[in-house]
Trainee: 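Once you've had a glance at the structure underneath, I'll fire off some questions.
If you're wondering where the values come from, they're calculated on a predicted model, not measured in any experiment.
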Amino acid sequence: MVCEICGWWRADRRGTAAPGGGADAGRRAFRAGVRPTEVARRLRVSPKPAYQWHQLWRENGVEALASRGPGGSRCRLSLRCPAKLAAYLEQGPAAHGWMEDQVWTTSRVATLIGRKFHVSHSLSGATRLMHRLGFSPQVPARRVAERDEQAVTVWEEVIWAEVKEPGRPAGATSASKARQASPAVRPEAGPGADAAAPRS
C-alpha cells in the first residue's frame, strides 16, 4: 500500500511490510533527514524497529538495511506440488481413502502430503499451506441425511405454534418503577410505625 503523504510503501493491515516497505523505506527517509519516530508513524510500525533501522543505517550504511527475504523455513514442496495438492484436495477425501465423511481435516491433509509427495508436514505447516492455497476452515452443518424439509416446515409453523406458551402481555409484568407514597397516603398504624417516631 502506498502512503498518500510521502509515496512510500508501508505496512499493510496485517502488519507485514508491502514490497519495498519497512527498512527500505526507512533508508530513503533517513537519507532525507526524517526522524525515526516520524518513519515509524508513516510506516505504521512501533518506534523500536525504526530506531533499530536508523542505528543499522548509521553504523553500517545502506547495505545493512537490505532485505534478507522472507523469514521462516522454506516450503518443503517443490514449486509444482502446491498446484497438484490443490487438485487432490478438490477431488475430495473419498478419492483418497477417507470414506467416513467428506471433510478435509488438517491431519488428513498432512497425511495426503506425505503419501503423494513423500514429505512430512506438521499440522501447523499443513494449515499454513492450505491457507496459501485459498482453503479456509469450515464447520459442516450437522443435518441428518434423511431429513424431510417439508415435515420440518410444517412442524415449525403448525405444531410449534400450538405447543409454545404465549408470552406475557405487556401490561401484566411485575416490574415497575418503585415510587414512595407521599406522607399523607402512608398508613399511620402500620408495622414499624412506632420506630419511625423521633426519639426524645
Trainee: Establish whether L133 and I113 are linked, either directly or via other cluster members, by ILVMFWY side-chain heavy-atom contacts under 4.5 Å.
Mentor: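 Result: yes, single cluster for both.
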
Trainee: Which atom pair, heavy atoms only, marks the closest approach of A64 to L56?
Mentor: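 So the minimum-distance heavy-atom pair works out to CB-O, 3.8 Å.
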
Trainee: I would like to know whether W57 and R31 meet side chain to side chain contact (heavy atoms under 4.5 Å, CB included); could you show each step before the answer?
Mentor: CA-CA 9 Å; W57 175 74; R31 255 194 232 151; 4.1 Å; yes

Trainee: To the nearest 0.5 Å, tell me how far K116 NZ sits from T111 OG1.
Mentor: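 Atom-to-atom, K116:NZ and T111:OG1 are 12.5 Å apart.
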
Trainee: Drop me the distance from T37's OG1 to H54's NE2, to the nearest 0.5 angstrom.
Mentor: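 One gets 10.0 Å once the value is rounded to the nearest 0.5 Å.
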
Trainee: Heavy-atom distance under 4.5 Å between the side chains of V45 and V39, does that happen here?
Mentor: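 They are not in contact (no side-chain heavy atoms under 4.5 Å apart), so the answer is no.
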
Trainee: For a 4.5 angstrom cut-off between non-hydrogen side-chain atoms, does W104 reach Y88?
Mentor: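 No, side chains not in contact.
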
Trainee: Between W98 and V103, is there a side-chain heavy-atom distance shorter than 4.5 Å?
Mentor: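 Not touching, per the 4.5 Å side-chain cut-off.
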
Trainee: Mind checking the OG-CG spacing from S122 to L129? Nearest 0.5 Å is all I need.
Mentor: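 Atom-to-atom, S122:OG and L129:CG are 10.5 Å apart.
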
Trainee: Under 4.0 Å between a Lys/Arg side-chain N and an Asp/Glu carboxylate O for E38 and R41?
Mentor: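 Yes, charged N to carboxylate O under 4.0 Å.
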
Trainee: Take F135 and V109 through the test side chain to side chain contact (heavy atoms under 4.5 Å, CB included) and record every step on the way to the result.
Mentor: CA-CA 11 Å; F135 290 89; V109 172; over 6 Å; no

Trainee: Heavy-atom count around L79 CG within 6.0 Å, excluding the residue itself: above 12?
Mentor: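 Atom CG in L79 is not packed in, count stays at 12 or less.
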
Trainee: Mind running side chain to side chain contact (heavy atoms under 4.5 Å, CB included) on L112 and L89 for me, showing each step along the way?
Mentor: CA-CA 9 Å; L112 181 70; L89 294 173; 4.0 Å; yes

Trainee: Is a side-chain N or O of R115 found less than 3.5 angstrom from the main chain of H96, in a donor-acceptor match?
Mentor: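 Yes; at least one donor-acceptor contact below 3.5 Å.
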
Trainee: Do S107 and L123 have side chains that approach each other closer than 4.5 Å (heavy atoms only, starting at C-beta)?
Mentor: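 Yes, at least one pair of side-chain atoms sits under 4.5 Å.
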
Trainee: Indicate the atoms forming the closest heavy-atom contact of A50 with A40, along with that distance.
Mentor: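 A50 and A40 have their closest heavy atoms at CB-CB, 3.8 Å.
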
Trainee: Between NE2 of H118 and SG of C81, what distance do you get to the nearest 0.5 Å?
Mentor: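 With rounding to 0.5 Å, NE2 (H118) is 10.0 Å from SG (C81).
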
Trainee: To the nearest 0.5 Å, what is the distance between CG on N60 and CD on Q55?
Mentor: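 One gets 9.0 Å once the value is rounded to the nearest 0.5 Å.
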
Trainee: Taking all non-hydrogen atoms of both residues into account, name the closest pair between H121 and A110 and its distance.
Mentor: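 Taking every non-hydrogen atom into account, O-CB, 3.7 Å.
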
Trainee: With hydrophobic residues grouped by side-chain heavy-atom distances under 4.5 Å, do W53 and Y51 end up in a single group?
Mentor: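 No, because W53 and Y51 fall into different hydrophobic clusters, even though each may have its own neighbours under 4.5 Å.
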
Trainee: Around E59, counting heavy atoms of other residues, nucleotides and ligands shown, do more than 12 lie under 6.0 Å from its CD?
Mentor: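 Result for CD/E59: enclosed.
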
Trainee: Between F30 and R35, does the side chain to side chain contact (heavy atoms under 4.5 Å, CB included) criterion hold? Intermediate values first, please.
Mentor: CA-CA 7 Å; F30 298 142; R35 299 180 53 82; over 6 Å; no

